[in-house]
Amino acid sequence: MTALPTAPPAAGDRIDGVVDHLVHVTYDHHTVLRLTVADDTPDPQTVTAVGKALFGTQPGESLRLTGTWTRHPRYGRQFKAEVCERTWPATRRAMRLYLASGLIHGIGETLATAIVDRFGDRTLHIIDTEPQRLLDVHGIGPTRLERITQAWHTVRHTPYQLSRDIHGIGFETADRIALAVGIPKHSDQRLQAALLHTLNAARARGDCHLPERVLLARTRHLLTDDDPTMTDILEDPILRQALDTLRARGETVIESLPVPVLEDADLFRAVTAVSLTSCTAPRPDWPRTSSASTTPRPPWPSTPTGPASWPRPPPRT
C-alpha cells in the first residue's frame, strides 16, 4: 500500500479511491465523505475528503481527486478536492462496493461479493461482454440475470435512465456517471435528460407548463460549466432540436398559451409553452367577454394549483 503523506504537500495532489460513505452534504452542495484508498491490501486506509466537487457522488463509486491536504482544527487531516473524476473500479474491493451500491438492480452486498470472488479482476468485463457467465454464481438464475443485464445496460449505455428508475439518483448523479462512462457532453441524450429534469423540477414546484424561453434558459444554466466548448452546444437551436426529439417521442407537449399583458387586463400575448405529457390537462372554457372589451378573452392556463397560480394583472384604476 502506498503510504499517504504525513504533512500537507504542495497543491495539485491526486488520490484514487472508493467512496465508503457520505458523512455530510449541505444545502450549497458542500460534501464530506470517507474515501478508501484504492488498493487491495488487507487493511486499506480511509481518508476524509471534502469539497463541492464531490457533490452527487454515491457509495461504491471510484473517484480520482485532485486537490490539497489540509488540517481541520477539530476533525484533523482532510483532502480538499478541487476536481473530482469518476473512474471505473480498478480493485476487487472497489468492484464489490460498486456492484453493491444500488446502481445495478438485482445485486446486493452478498451477491456482489460472490461475483467478485468468482471472476476477480475481470468482473466488470465479464458482466459487460459475457453476462451469461453470471449463471455460474450461486444465487443467480435466469430471471435475476435478466434484471442484472438490463440494469447494467442502463448504466453503461443509457445512464440518464437511472434518474428515472432508481429513487435517490437525480440528474446530477446520472450526469456524472454518464460522463465517466464516456457519454459526450454534447450528446442528444444528455441534452434531452437535462430538459426533462428542468420540466420535472418545475412540476415539483406546481408549474404545469414552462415558457419555452424559460425552459431553455434554466437548462442552459444547469449544464453550463467552465468548458468553453459548451457555449456552442447550449445555443437555443441545439436545445430546441433536443426538445423537438422529446416531442416526437411523445414525452413533451409544446403549445401556444395566452398570457395576460400586465399593463392591460384586456390584452393577451401568445407564449410558446412546454409541458410533460403526463402533466397535460383539458383546458377550461373561454371566459365570457367583459364589459370593457369587445373581444373574447382567452382562458387562464390550467395548472395543478388552478388559474390563480398564473399572475393576474393589477386592477385598473
Reported [atom1]-to-[atom2] distance for the pair [X] and [Y], which is rounded to 0.5 angstrom:
X      : Y      : atom1 : atom2 : result
Ile104 : His153 : CD1   : NE2   : 12.5 Å
Leu191 : Leu234 : CG    : CG    : 7.0 Å
Leu243 : Glu212 : CG    : CD    : 6.0 Å
His30  : Lys52  : NE2   : NZ    : 9.0 Å
His221 : Thr198 : NE2   : OG1   : 10.0 Å
Leu210 : Leu276 : CG    : CG    : 9.0 Å

Sub-4.5 Å side-chain heavy-atom contact between [X] and [Y]:
X      : Y      : value
Leu195 : Leu216 : yes
Arg34  : Thr46  : yes
Arg14  : Arg64  : yes
Pro159 : Gln189 : yes
Val214 : Arg218 : yes
Thr123 : Leu99  : yes
Ile115 : Leu134 : yes
Asp20  : Leu33  : no

Could you go through the side chain to side chain contact (heavy atoms under 4.5 Å, CB included) check for Thr36 and Arg93 one step at a time?
CA-CA 9 Å; Thr36 300; Arg93 184 178 189 280; 3.4 Å; yes
Under the ring pair (Phe, Tyr, Trp, His ring centres under 6.0 Å) test, which residues partner [X], sequence neighbours left out?
X      : value
Phe79  : Trp69
Phe119 : none
His72  : Tyr75

Salt bridge (Lys or Arg N to Asp or Glu O under 4.0 Å): which pairs involve residues 186-201, sequence neighbours left out?
Asp175-Arg190
Mind listing the closest non-hydrogen atom pair of [X] and [Y] along with its distance?
X      : Y      : value
Leu135 : Pro142 : CD2-N, 3.9 Å
Pro131 : Leu145 : O-CD1, 3.1 Å
Ala81  : Leu54  : CB-CD2, 3.9 Å
Leu111 : His138 : CD1-O, 3.9 Å
Gly250 : Thr277 : O-OG1, 2.5 Å

Decide yes or no on side chain to side chain donor-acceptor pair (under 3.5 Å) for His209 and Glu255, but give the supporting numbers first.
CA-CA 10 Å; His209 300 83; Glu255 53 191 328; 3.2 Å; yes
Step through the shown structure and confirm whether more than 12 heavy atoms of other residues, nucleotides or ligands are within 6.0 Å of CD on Glu130.
yes
Could you go through Glu172 and His197, starting from their C-alpha distance and side-chain angles, then the distance that decides it, and tell me whether this counts as side chain to side chain contact (heavy atoms under 4.5 Å, CB included)?
CA-CA 10 Å; Glu172 290 83 1; His197 170 78; 4.1 Å; yes
Does the plane of the ring in Phe171 sit parallel, tilted or perpendicular to the ring in Tyr160? Use 30° and 60° as the thresholds.
parallel
Is Glu235 paired with Arg220 through a side-chain N to carboxylate O contact shorter than 4.0 Å?
no
With ILVMFWY side chains joined below 4.5 Å, transitively, what does Val23's cluster contain besides itself?
Val32, Val50
Those residues at least two apart in sequence (or on a different chain) that pass salt bridge (charged side-chain N to carboxylate O under 4.0 Å, His left out) with Arg144 are none
Please step through side chain to side chain contact (heavy atoms under 4.5 Å, CB included) for the pair Leu35 and Ile15, ending with a clear verdict.
CA-CA 10 Å; Leu35 187 81; Ile15 59 174; 3.8 Å; yes
Go through it in stages, so that I can follow the logic: the residues are Trp152 and Leu124, the test is side chain to side chain contact (heavy atoms under 4.5 Å, CB included), and I'd like the CA-CA distance, side-chain angles, deciding distance and then a yes or no.
CA-CA 10 Å; Trp152 179 259; Leu124 299 186; 3.9 Å; yes
